[in-house]
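One structure below.
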Amino acid sequence: MEQFKTIFESKYTWIEGFMRNVRRYSEKIAMIDSDTGETWSYSQLNADTNKLCNALAKEGFTKGDVLMVQMINCPQFVFSYIACHKMQGVCCPVSYRISSGEMAFNIDDSKPKVIIVCKSKLDSTLEALSLSHHKPKRLVVVGDTDKEGIVSYSDYVSNESVEEPLITTEYSIYNETTRLYTSGTTGRPKGVALTSINEVLSAHDVMIHFPMSYKDVTMNTTPWFHRGGLHCAGPCPTFYAGATLVIMGKFDAVKTLKLVWKYNITFIVGVPTVLEELADEQERQGYDIHALKGIVTMGSPLERSACIRYQKVLTPNIFNGYGTTETFWNTFLRPFDLPDNAGTAGASCVDDDVRVVKVYDDHRAEPDEYVSKDGTEVGEVIICSPAKSPYLYVNNEEETERKYYKGFIYTNDLATWDENQFVTIIGRKDDMIISSGENIYPTEVEAVLNTHSKVRDCIVTSVPDKIRGQVVTAYVVPVEAVGDDTDGLAEELDAFCKESNEIANFKRPRYYRFVSQIPFNATGKKLHVKIKETASRDLKNGLLYRV
């Protein structure tokens with residue numbers, strides 16, 4: 001038994017899986033850069049990764065050291081991710097959308113030995129370094145640079161060997177291999193430390209639920225700096241399965257559909273807004289996308305009408321996942337669940353235990369204090385995901401204690417569930433609107449508005465009101481520009497909500513504003529916190545229309 005434990009803990013790692021594929025599929029195409037058309041076989045991908053490994057070794061980069069990367073999806077991101085697995089270091093991708101101040105926090109929190117950034121983020125990173133206490137040993141930029149003391153990536157690896165780096169300690173499934181930062185919308189960003197076994201089992205989860213094999217060609221249209229980007233048809237599962245990864249730096253609907261035909265892409269991953277743009281373009285142009293075996297979306301639920309449209313226009317095989325940065329995805333909707341269960345987040349994945357428990361004002365519920373499985377009673381979603389979660393935050397014991405309890409993470413998401421344990425996300429605790437003492441959840445109002453033929457999308461929030469406390473307010477992206485006739489469309493939507501049997505009358509919006517876009521984060525979730533701030537300003541400035 002001791003021999004099994006030793007072998008299992010040292011060999012069942014992500015890098016062992018990747019190296020198996022380097023041996024098995026040496027000449028098979030592993031990666032395609034859709035911007036340049038450049039391709040890498042598994043042996044070539046390994047060789048280019050080794051160049052980075054050997055460059056890092058000269059910096060003294062060793063077990064436990066952090067390599068921070070701030071890049072769009074690109075080949076250098078992939079090299080960095082694999083190199084950290086090889087070197088027993090930690091790859092720490094951070095959002096390229098954060099401010100220099102937020103970047104400075106991440107630098108001080110993770111203390112990277114080396115930072116690699118894309119050229120467009122160089123000035124911001126330099127500003128972050130001027131604010132941070134920690135200074136990395138090396139700053140590398142992907143692209144040309146004439147700034148003193150900064151080396152371009154191509155120069156950094158140009159003279160390095162393609163031979164395997166010298167590793168003097170055994171690999172372990174418990175080594176931290178990737179560190180992701182949460183968005184920090186409810187406080188300072190939290191570093192989620194993922195171990196090698198977390199990454200192996202996240203890859204397995206994708207391979208089970210798609211399913212995915214070495215025969216597949218994948219493309220994730222979302223950024224890899226978040227869990228859904230990296231672990232859903234991103235580098236983690238694709239290279240572990242021996243499949244082919246097509247890189248998309250910036251999403252473009254026309255380009256995506258053309259790439260499906262060109263490279264016979266079998267799985268696309270994108271947030272719901274991506275699917276909407278793909279469906280619009282496919283209806284206009286009718287590209288050959290017969291190779292698609294499925295499209296996977298996450299970040300927010302699929303409404304029934306949208307789901308039916310995507311199944312008709314794009315592919316019958318639409319998948320939808322729900323989860324967290326800490327736990328990857330934990331409920332899943334597969335094609336056979338749709339469209340009947342569209343609008344829900346699905347039921348628990350194979351290795352996960354997702355529950356909806358009661359909410360108390362003064363303490364958290366025990367994991368077995370379920371709300372009724374009647375699709376009506378609202379509770380908090382809690383998740384036990386022993387395969388995919390590290391159960392801790394980096395340098396943040398207080399937040400670890402607050403979020404994790406008895407093997408579950410308490411998500412702050414509010415939901416109902418039914419007799420088959422299909423979970424329907426209602427919103428977040430801090431997004432809930434209380435109007436005249438009644439609880440109103442933005443997502444239920446959004447779902448109704450989005451069924452109107454003149455509404456492309458919407459986001460619902462609230463503004464202060466002396467009588468009701470809060471008043472429901474809707475920001476609507478219309479299908480067609482409304483020009484000066486905003487009053488007419490607002491009144492039409494008000495009448496539509498009054499006639500709807502999906503929401504009570506007191507839940508309908510009393511204020512409207514028509515906009516060209518609504519705020520989303522990188523994972524496709526609507527930013528209710530941001531729109532609430534906007535609505536408060538718009539009310540003061542007289543920009544909201546009251547019905």
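In this structure, Y81 has its ring center no closer than 6.0 Å to that of W224. Two rings, from Y545 and Y511, have their centers 6.0 Å or more apart. Proximity of the aromatic rings of H204 and Y240 is defined here by a centroid distance below 6.0 angstrom, and this criterion is met. In this structure, Y391 has its ring center closer than 6.0 angstrom to the ring center of Y404.
A salt bridge links E377 with K358: the closest approach of a Lys/Arg side-chain nitrogen to an acidic carboxylate oxygen falls below 4.0 angstrom. Looking at K406 and D368, no side-chain N of the basic residue comes within less than 4.0 Å of a carboxylate O on the acidic one, giving no salt bridge. Between K258 and D252, no side-chain nitrogen of the basic residue sits less than 4.0 Å from a carboxylate oxygen of the acidic one, so the salt-bridge criterion is not met. Ionic pairing of D413 and R428 is present here: one or more N-O contacts between side-chain nitrogen and carboxylate oxygen are shorter than 4.0 angstrom. Ionic pairing of R402 and E399 is present here: one or more N-O contacts between side-chain nitrogen and carboxylate oxygen are shorter than 4.0 angstrom. Comment: R355 engages D353 in a salt bridge, judged by a side-chain N to carboxylate O separation of less than 4.0 angstrom. Between D351 and K388 there is no salt bridge, since no side-chain N of the basic residue sits under 4.0 Å from a carboxylate O of the acidic one.
Under the rule for a side-chain hydrogen bond (donor to acceptor under 3.5 Å, both in side chains), the partners of Y405 that lie at least two apart in sequence or sit in another chain are E366.
Residues E276 and Y310 have side chains in contact (heavy-atom distance under 4.5 Å, counting atoms from C-beta outward).
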Side-chain polar contacts of residues 495-504 - donor-acceptor pairs under 3.5 angstrom, sequence neighbours left out - could you list them?
| unit_1 | atom_1 | unit_2 | atom_2 | d |
| --- | --- | --- | --- | --- |
| K498 | NZ | D494 | OD2 | 3.4 |
| S500 | OG | E502 | N | 3.0 |

Give every donor-acceptor pair under 3.5 Å between a side-chain atom in residues 444-455 and any protein atom, sequence neighbours left out.
| unit_1 | atom_1 | unit_2 | atom_2 | d |
| --- | --- | --- | --- | --- |
| E444 | OE1 | K507 | NZ | 3.2 |
| E444 | OE2 | Y441 | N | 3.1 |
| E444 | OE2 | K507 | NZ | 3.3 |
| E446 | OE2 | V460 | N | 2.8 |
| E446 | OE2 | H528 | NE2 | 2.8 |
| N450 | OD1 | C458 | N | 3.4 |
| N450 | ND2 | E303 | OE2 | 3.1 |
| N450 | ND2 | E446 | O | 3.4 |
| T451 | OG1 | V448 | O | 2.6 |
| H452 | ND1 | K454 | N | 3.0 |
| H452 | NE2 | E492 | OE2 | 3.2 |
| K454 | NZ | E492 | OE1 | 3.0 |

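Within the 3.5 Å criterion, the main-chain N or O of L543 finds no donor-acceptor partner in the side chain of N541.
Taking the ring centre of Y475 as origin, the terminal cationic atom of R513 falls outside the region bounded by 6.0 Å and 45° from the ring axis.
Note that CG of D465 and CZ of R510 are 9.5 Å apart. Values are rounded to the nearest 0.5 Å.
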